[in-house]
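Some notes on the structure that comes next.
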Amino acid sequence: MTIKKLKECVSRFGCPLTVVTDYGTQFCSEAFTKFSQQHENDHVKTPPSSSQIGGEDVEDALQISLQIYRCTSNPSLPDNRSSAEVLLGRRTRIVFDLMKPPIPEPTQINEKQQYAEIHIRNKRYWAKCIVIEQKGSVIYSTVCFFKTKNVKV
């Protein structure tokens, strides 16, 4: 499983010069040693930390760490962007973004948006309105000012 994940990383990002691991049995195996030799990388082993987690939690922790790393701004990239922004052409949303209140999207109000089409006795009028609620994709509840203007439709 470890070598499979490393192959995924190599296929995305290329062969690393150095791989840093702890002394876990999966990193001390003959298969891992062979993988390191084939990809000509240095395998550096560090002692495990007291906060190290085990089992399936390692995969989750790795993915979260990689996401945070990839989304962190980098002063060596244009405009201090993150590697994910440069790669994807957009900012990626991470868990920390969920803690911030949403930023409302700017709306552009034009003359047409301030008027609603009103039907009275089979005639169409445009009336200045304020939208109260969107009911459907093109249907809104509005409060309209009754000074209307005839518009050829």
Heavy atoms only: give me the nearest [X]-[Y] pair and the separation to one decimal.
X: Asn80; Y: Pro75; result: OD1-CA, 2.8 Å
X: Arg70; Y: Ser83; result: O-OG, 3.3 Å
X: Gln26; Y: Thr2; result: CG-OG1, 3.4 Å

Worksheet item: Does the pair Leu17 and Asn41 meet the rule for a side-chain contact (heavy atoms from CB on, under 4.5 Å), with working shown?
Response: CA-CA 5 Å; Leu17 296 173; Asn41 56 44; 5.7 Å; no

Do [X] and [Y] make a side-chain contact, defined as non-hydrogen atoms from C-beta onward lying under 4.5 Å apart?
X: Ser29; Y: Lys34; answer: no
X: Glu8; Y: Lys4; answer: yes
X: Asp42; Y: Ser36; answer: no

Practice prompt. Establish, from distance only, whether the side-chain atoms of Thr21 and His43 form a donor-acceptor pair under 3.5 Å.
Written response: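 Looking only at side-chain atoms, His43 and Thr21 do form a donor-acceptor pair, the distance falling under 3.5 Å.
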
Fill in: Arg81 backbone acceptor or donor facing Asp79 side chain under 3.5 Å
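Checking the backbone N and O of Arg81 against the side chain of Asp79, no donor-acceptor pair under 3.5 Å is found.
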
Worksheet item: Distance-only, no hydrogens or angles: does the Ser73 side chain make a donor-acceptor pair with backbone N or O of Ser82 under 3.5 Å?
Response: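 The answer is no, because no donor-acceptor pair under 3.5 Å joins these two groups.
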
[X] side, atom [atom1]; [Y] side, atom [atom2] - distance, nearest 0.5 Å:
X: Glu85; Y: Thr72; atom1: CD; atom2: OG1; result: 10.5 Å
X: Phe35; Y: Leu6; atom1: CZ; atom2: CG; result: 4.5 Å
X: Arg12; Y: Lys7; atom1: CZ; atom2: NZ; result: 15.0 Å
X: Thr33; Y: Phe27; atom1: OG1; atom2: CZ; result: 11.5 Å
X: Arg90; Y: Thr92; atom1: CZ; atom2: OG1; result: 6.5 Å
X: Cys9; Y: Leu66; atom1: SG; atom2: CG; result: 6.5 Å

Worksheet item: Just wondering, are more than 12 heavy atoms of other shown residues or ligands nearer than 6.0 Å to CD in Glu40?
Response: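 Counting other residues, nucleotides and ligands, CD of Glu40 stays at 12 neighbours or fewer.
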
Worksheet item: Is Val10 reachable from Phe32 through a run of I, L, V, M, F, W or Y residues, each pair having side-chain heavy atoms under 4.5 Å apart?
Response: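 Hydrophobic grouping puts Phe32 with Val10.
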
Practice prompt. Check the hydrophobic clustering (I, L, V, M, F, W, Y; side-chain heavy atoms under 4.5 Å; chains of links allowed) and say if Val19 and Ile3 are grouped together.
Written response: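 Yes: a chain of side-chain contacts under 4.5 Å links Val19 to Ile3.
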
